[in-house]
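Bear in mind that the values here come from a model prediction, so they are computed numbers and not experimental data. Numbered from 1 within each chain, the chains take letters A, B, ... in sequence-line order.
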Number of protein chains: 2
Amino acid sequence: MKARLSASRERIIAAALEIMAGHGYAGCSVAAVAERAGVATGSVYRHFPTKADLFAEVFRTASQREVDAVARAAALETTVAERVSAIIETFSGRALQSPRLAYALLAEPVDPAVDAERLVFRRAYAELIAGYVASGVASGELPPQDPELTATAVVGALAEAMVGPLAAGVAGGSTIPSLTTFIHRALGVSP
Amino acid sequence: MKARLSASRERIIAAALEIMAGHGYAGCSVAAVAERAGVATGSVYRHFPTKADLFAEVFRTASQREVDAVARAAALETTVAERVSAIIETFSGRALQSPRLAYALLAEPVDPAVDAERLVFRRAYAELIAGYVASGVASGELPPQDPELTATAVVGALAEAMVGPLAAGVAGGSTIPSLTTFIHRALGVSP
DNA sequence: GCAAGAATTGAACCACCATTCAGTCCTTAG
DNA sequence: CTAAGGACTGAATGGTGGTTCAATTCTTGC
């Protein structure tokens with residue numbers, strides 16, 4: 001019983017994610033999500049008090065998955081420069097793999113309550129990067145700087161540079177290397 | 001008569017801008033805009049076919065004003081490094097002066113048709129910066145790079161770095177110098 | 001088996017707001 | 001001065017989609 005209850009909760013979240021990946025937040029009416037999850041519209045409200053609460057959780061889940069993937073890729077490398085390269089490549093690779101989802105997570109107009117969750121998402125990336133920047137500064141691999149601000153600016157540059165390609169569907173072959181060069185220079189990675 | 005007609009058109013746009021500056025796009029119901037402009041709700045539709053058209057124009061007007069101010073500040077300087085500094089300072093100074101408006105122009109959830117106008121806004125900044133970057137590359141002040149991508153990334157970094165302070169209401173004293181350092185390094189300005 | 005209670009259903013409800021329009025007011029040309 | 005034509009009014013309309021709830025179906029403890 002408990003199992004069934006939390007199972008349909010999971011199915012609702014999964015359905016919402018699938019619809020987001022296919023048609024963006026715009027396609028996510030409560031009725032559509034419920035239908036895809038195989039439950040009645042009203043049942044969604046057994047699990048979430050409002051639509052905004054549902055999507056806050058959906059965003060949190062999807063974001064966590066993205067941040068984890070990026071963090072995992074970064075952890076495999078050793079120098080800060082390599083780690084940052086891995087972050088850029090993983091982030092943009094995954095975004096281009098699911099452009100509609102990436103657009104929804106990054107930039108699509110959503111309910112303000114859900115938008116707040118987006119800030120958390122971006123902040124999570126920033127924290128990850130800030131940690132590496134701080135260690136780079138400490139070890140002397142990078143020049144002195146405010147790791148928080150650097151990380152925030154890097155996240156902004158990364159997100160902005162992806163919005164165009166996401167809209168177009170593909171990135172030019174030189175986008176990612178150029179972006180990597182830009183960010184390495186910004187961090188002060190020695191050439 | 002013609003004068004009066006275009007006068008109320010202007011008043012409607014001005015009213016929309018004022019409400020945006022005070023309560024964001026969220027506060028901009030057609031009724032509220034009309035009331036502030038001193039016209040009836042229906043009269044808005046004498047001047048604009050839809051709300052989206054009205055706000056596309058509002059965004060265009062406001063954006064143009066911002067881009068012009070930034071371009072003017074940049075034109076007063078001589079080196080690319082100085083010009084970029086002027087852009088950063090003018091952009092962030094103006095944003096912090098009218099945080100609610102800046103948030104609406106940069107990041108607030110809006111109708112998709114209006115959102116499209118936002119891309120134009122960001123692109124206008126990017127074009128401005130790309131021009132200077134290209135000239136810097138040509139003159140040897142900056143190392144070789146793709147000016148378009150660099151400019152896009154700079155705009156992203158700038159916008160992202162402002163969102164936090166805009167939400168908080170103020171920027172720490174070191175935000176702008178740090179951001180300037182970051183961007184100078186990213187462009188490859190020689191220290 | 002069998003209540004009692006919980007979960008589920010989905011059609012109905014309702015709030016919100018952009019948009020419309022029939023009536024009224026002004027402007028202006030003759 | 002006066003009629004014609006356009007502008008203005010603001011209450012009414014309509015569509016959308018989130019939210020509710022009475023009826024029904026299932027689960028579980030006795």
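Distance from the side chain of B:Lys51 is smallest to C:dA18 among C:dA18, D:dT19, C:dT8.
Atom CZ of B:Arg9 and atom C1' of D:dG6 are 18 Å apart (whole Å). The NE2 atom of A:His47 sits 15 Å away from the P atom of C:dA6 (whole-angstrom rounding). Here D:dG18 presents its P atom at 15 Å from CZ of A:Phe48, a figure rounded to the nearest Å. Atom P of nucleotide D:dG10 and atom CZ of B:Arg46 are separated by 14 Å, given to the nearest angstrom. Between B:Arg11 atom CZ and D:dA7 atom C1' the separation is 13 Å, expressed in whole Å. One atom, CG of B:Leu54, and another, C1' of C:dC17, lie 14 Å apart when rounded to the nearest Å. We find that OH of B:Tyr45 is positioned 15 Å from P of D:dT9, with the value rounded to whole Å.
Residues of residues 110-121 of chain B that place a heavy atom closer than 4.0 Å to DNA chain C do not occur. The stretch residues 25-43 of chain B comes close to DNA chain D through B:Val39, B:Ala40, B:Thr41, B:Gly42, B:Ser43, each having a heavy atom under 4.0 Å from the strand.
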Show which side-chain atoms of residues 20-44 of chain A pair as donor or acceptor with protein atoms under 3.5 Å away, not counting sequence neighbours.
| unit_1 | atom_1 | unit_2 | atom_2 | d |
| --- | --- | --- | --- | --- |
| A:Ser29 | OG | A:Ala32 | N | 3.1 |
| A:Arg36 | NE | A:Glu18 | OE1 | 2.6 |
| A:Arg36 | NH2 | A:Glu18 | OE1 | 3.1 |

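Summarising the hydrophobic clusters (Ile, Leu, Val, Met, Phe, Trp, Tyr; side-chain heavy atoms under 4.5 Å, direct or chained), the residues clustered with A:Leu119 are B:Val163.
Counting only residues at least two apart or in different chains, salt bridge (Lys or Arg N to Asp or Glu O under 4.0 Å) contacts with residues 96-107 of chain B comprise B:Arg100-B:Glu108. Contacts classified as ring-ring contact (aromatic ring centres under 6.0 Å, His included) and involving residues 122-168 of chain B (residues at least two apart or in different chains) are given here: B:Phe91-B:Tyr125, B:Phe121-B:Tyr125. Within the structure, the salt bridge (Lys or Arg N to Asp or Glu O under 4.0 Å) test picks out no pair touching residues 72-91 of chain B (sequence neighbours left out). Screening residues 142-151 of chain B for salt bridge (Lys or Arg N to Asp or Glu O under 4.0 Å) gives no qualifying pairs among residues at least two apart or on separate chains.
For the pair B:Ser8 (side chain) and B:Arg11 (backbone), a donor-acceptor distance under 3.5 Å is absent.
Taking 4.0 Å as the cut-off between side-chain N and carboxylate O, B:Arg65 and B:Asp68 do not count as a salt-bridged pair.
Annotation: ring-ring contact (aromatic ring centres under 6.0 Å, His included) contacts of A:Phe182 (sequence neighbours excluded): none.
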